Peer 1: 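Here you go, one structure.
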Number of protein chains: 2
Amino acid sequence: MTTAVMNAGFATEANPPHRKPHIDREDIMAAAITLIGPHRSVSTLSLREVARAAGIAPNSFYRHFRDIDELAVALIDRAGGTLRTVIREARNRATNAPSIIRSSIDAFMEQLEAEEQLLHVLLCEGSVGSDAYKQAVDQVLTHFESELHEDLIRLSTEAEAPLHRADLVAKAITRLVFAMGGTALDKGPEEKEAIAEQMMVMVLFLMEGSEAVCKQQTSSNS
Amino acid sequence: MTTAVMNAGFATEANPPHRKPHIDREDIMAAAITLIGPHRSVSTLSLREVARAAGIAPNSFYRHFRDIDELAVALIDRAGGTLRTVIREARNRATNAPSIIRSSIDAFMEQLEAEEQLLHVLLCEGSVGSDAYKQAVDQVLTHFESELHEDLIRLSTEAEAPLHRADLVAKAITRLVFAMGGTALDKGPEEKEAIAEQMMVMVLFLMEGSEAVCKQQTSSNS
DNA sequence: CAATTGTCTATACATGTGTATAATAAGCCC
DNA sequence: GGGCTTATTATACACATGTATAGACAATTG
């Protein structure tokens with residue numbers, strides 16, 4: 001095992017390094033995530049700062065991302081993707097409607113705890129930053145909405161409890177959960193728990209309300 | 001009328017100016033608002049930039065605000081205040097519950113059109129910036145919630161249609177309207193109209209849902 | 001092993017930032 | 001008007017940022 005191999009991957013203070021053999025987008029994204037916190041939004045990260053955190057020269061950044069905005073979009077997409085799969089898995093484990101709501105929201109909050117920094121990108125800055133940035137967030141939200149919409153339709157037909165404007169129910173739930181999640185980010189665990197409870201009641205209201213309006217309309221149309 | 005009087009208040013290119021007789025917090029806030037737009041959030045404004053827009057020297061800023069954050073907080077408070085009075089007025093003109101919802105949301109959207117830049121501060125950056133900043137936004141939201149909460153209780157007792165967890169209904173409505181309003185900001189007039197319609201349906205769902213849950217609980221408790 | 005290519009780094013520059021200091025003009029009271 | 005306080009400005013400094021350029025190393029070819 002040569003020293004070259006030993007030095008591979010980490011350039012500590014000890015070795016005179018001046019070189020990092022391989023960098024990929026992952027390293028940079030990971031470094032960027034560590035910088036994100038309650039006081040740093042991804043839209044205020046500077047290229048140099050990210051490069052510094054990643055232990056690379058500022059210019060090396062350009063080999064992997066054209067912009068800092070491109071980095072932000074990559075982070076947004078990742079956050080949206082992981083969050084969606086986590087929730088989908090939770091949803092698949094549940095069966096009836098109430099437990100689906102509960103387990104989905106629980107999964108959301110757990111993921112929020114596990115990858116707080118990453119989700120910060122999604123939840124806290126929906127409308128700040130470049131166009132590409134905002135568009136990426138919007139796309140994630142829309143994706144969530146349509147998935148939820150399908151679920152709602154499936155569930156309501158199964159339960160024979162039809163919904164009025166299921167699309168708007170999905171949109172409202174998505175926006176509400178994301179907004180509430182954003183405020184839950186810096187809070188402590190017990191407060192997060194309380195917020196999760198609130199979310200569930202709110203979602204319940206939306207679904208019950210949609211059902212009620214549906215009933216009202218069909219009865220008045222008969 | 002001396003030239004000194006003539007020069008008062010405006011230092012154009014023409015006069016050798018080098019002086020501005022009096023500066024207000026108002027002037028600075030107004031200048032900051034002009035800088036805010038779809039691509040500039042208040043948290044990315046620089047002191048120098050605001051000073052430049054206000055036509056004053058960078059250091060003069062300090063005589064009126066300690067920070068740029070203090071400016072931001074002042075803008076947030078103002079946005080919250082004006083929005084609240086506008087909505088309250090609209091609400092006072094209406095009488096029954098449905099028309100209150102409609103007129104409140106209409107007032108919200110009109111205000112959003114009229115002072116788009118100012119409201120941007122409130123709607124688009126709830127969780128980005130300094131602590132003082134976030135706290136100010138949160139305070140405005142909470143204030144809205146409690147006012148709405150009172151209204152809901154009053155209306156529901158008048159209509160003899162009690163609500164379950166009226167506090168959460170108020171919170172959900174507030175968060176939802178603000179979230180939707182934030183996405184409506186850069187959109188065109190017809191899209192704003194559509195969003196307003198969506199808001200009303202969502203709010204209706206929340207209230208009907210809360211009523212429905214209330215009925216369910218009282219019937220099961222009897 | 002030697003040459004080449006692609007990647008990372010060092011240095012540098014112009015620009016923008018927050019703020020300290022000192023000077024200057026306005027407003028005001030006597 | 002003369003002197004005082006206060007508000008505004010000009011100049012300056014140290015620092016951070018994005019990026020251009022050129023050089024140095026690693027890996028990959030032949």
Side-chain angles (χ1 to χ4, degrees), chain A residues 1-13 15-32 35 39-72 129-130 132-133, chain B residues 1-13 15-32 35 39-72 129-130 132-133:
Chain A
M1 184 182 281
T2 69
T3 61
V5 172
M6 291 194 62
N7 284 348
F10 49 92
T12 62
E13 305 264 6
N15 45 21
H18 281 347
R19 189 65 183 193
K20 194 165 237 182
H22 202 55
I23 304 175
D24 54 356
R25 295 171 65 115
E26 290 305 319
D27 300 329
I28 298 179
M29 288 173 73
L35 291 175
H39 295 284
R40 297 303 313 271
S41 79
V42 79
S43 46
T44 69
L45 290 183
S46 79
L47 186 152
R48 284 182 113 107
E49 199 174 4
V50 173
R52 212 177 303 133
I56 64 175
N59 265 324
S60 299
F61 185 92
Y62 292 122
R63 298 279 159 188
H64 305 277
F65 297 97
R66 197 163 47 78
D67 262 336
I68 200 98
D69 277 332
E70 195 172 297
L71 208 208
S130 69
Y133 190 116
Chain B
M1 186 180 284
T2 69
T3 61
V5 172
M6 290 195 63
N7 285 348
F10 50 91
T12 61
E13 305 265 7
N15 44 20
H18 282 343
R19 191 63 186 201
K20 194 165 237 183
H22 204 54
I23 303 177
D24 249 9
R25 287 171 68 107
E26 290 305 318
D27 300 331
I28 298 179
M29 290 175 71
L35 292 175
H39 296 283
R40 296 302 313 271
S41 78
V42 80
S43 47
T44 69
L45 290 182
S46 79
L47 186 154
R48 285 182 114 106
E49 198 174 5
V50 173
R52 211 177 304 135
I56 65 174
N59 264 323
S60 299
F61 184 92
Y62 292 121
R63 298 280 159 187
H64 306 275
F65 298 96
R66 197 162 47 78
D67 263 335
I68 201 99
D69 277 332
E70 194 172 299
L71 208 208
S130 69
Y133 191 114

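Just so we're on the same page: letters track the sequence lines, and every chain starts at 1. None of these values were measured; they are calculated from a predicted model.
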Peer 1: Working to the nearest 0.5 Å, report the span between OG of B/Ser130 and CD of B/Glu70.
Peer 2: 10.5 Å
Peer 1: B/His64 side chain N/O closer than 4.0 Å to the phosphate oxygens (OP1, OP2) of D/dT8?
Peer 2: yes
Peer 1: Provide, to the nearest angstrom, the distance between the CG atom belonging to A/Asp67 and the P atom belonging to D/dT17.
Peer 2: 16 Å
Peer 1: Output yes when at least one side-chain N/O atom of A/Ser60 is less than 4.0 Å from OP1 or OP2 of C/dT7, else no.
Peer 2: no
Peer 1: Output the distance between atom CG (A/Asp69) and atom OH (A/Tyr133), rounded to the nearest 0.5 Å.
Peer 2: 8.5 Å
Peer 1: Tell me the interatomic distance from B/Tyr62, atom OH, to D/dT9, atom P, rounded to whole angstroms.
Peer 2: 14 Å
Peer 1: Please round to the nearest 0.5 Å and tell me the distance separating atom CD1 of A/Ile28 and atom NE2 of A/His64.
Peer 2: 4.5 Å
Peer 1: Just call it for A/Ile68: base, sugar-phosphate, or nothing, with non-hydrogen atoms closer than 4.0 Å on any strand.
Peer 2: nothing
Peer 1: In whole angstrom, give the distance that lies between atom CD1 of B/Ile56 and atom P of D/dA10.
Peer 2: 12 Å
Peer 1: Please give, in whole Å, the distance from C/dT7 C1' to A/Phe65 CZ?
Peer 2: 16 Å
Peer 1: Working to the nearest 0.5 angstrom, can you tell me the gap between B/Asp67 CG and B/Tyr62 OH?
Peer 2: 8.5 Å
Peer 1: To the closest 0.5 Å, what do you measure between CZ (B/Phe65) and CE (B/Met29)?
Peer 2: 5.5 Å
Peer 1: Figure out the CG/C1' separation between A/Leu71 and D/dG18, and round it to whole Å.
Peer 2: 15 Å
Peer 1: Report the residue (B/His22 or B/Arg66) whose heavy-atom-nearest nucleotide on DNA chain C is the more 5′ of the two.
Peer 2: B/Arg66
Peer 1: What's the separation between atom OG in B/Ser41 and atom CG in B/Leu35, rounded to the nearest 0.5 Å?
Peer 2: 11.5 Å
Peer 1: Could you tell me how far apart B/Phe61 (CZ) and C/dA20 (P) are, to the nearest whole angstrom?
Peer 2: 14 Å
Peer 1: For a quick check, tell me whether the side chain of A/Asn59 and the base of C/dT7 share a donor-acceptor pair closer than 3.5 Å.
Peer 2: no
Peer 1: To the nearest angstrom, how far is B/Ile23 atom CD1 from D/dT6 atom C1'?
Peer 2: 12 Å
Peer 1: Measure the distance from CZ on B/Arg63 to P on C/dA26 and round it to the nearest whole Å.
Peer 2: 17 Å
Peer 1: Which residues, if any, of residues 44-54 of chain A bring a heavy atom under 4.0 Å of DNA chain D?
Peer 2: A/Ser46, A/Leu47, A/Arg48, A/Arg52
Peer 1: Is there a donor-acceptor contact under 3.5 Å from the side chain of A/Arg48 to the main chain of A/Arg52?
Peer 2: no
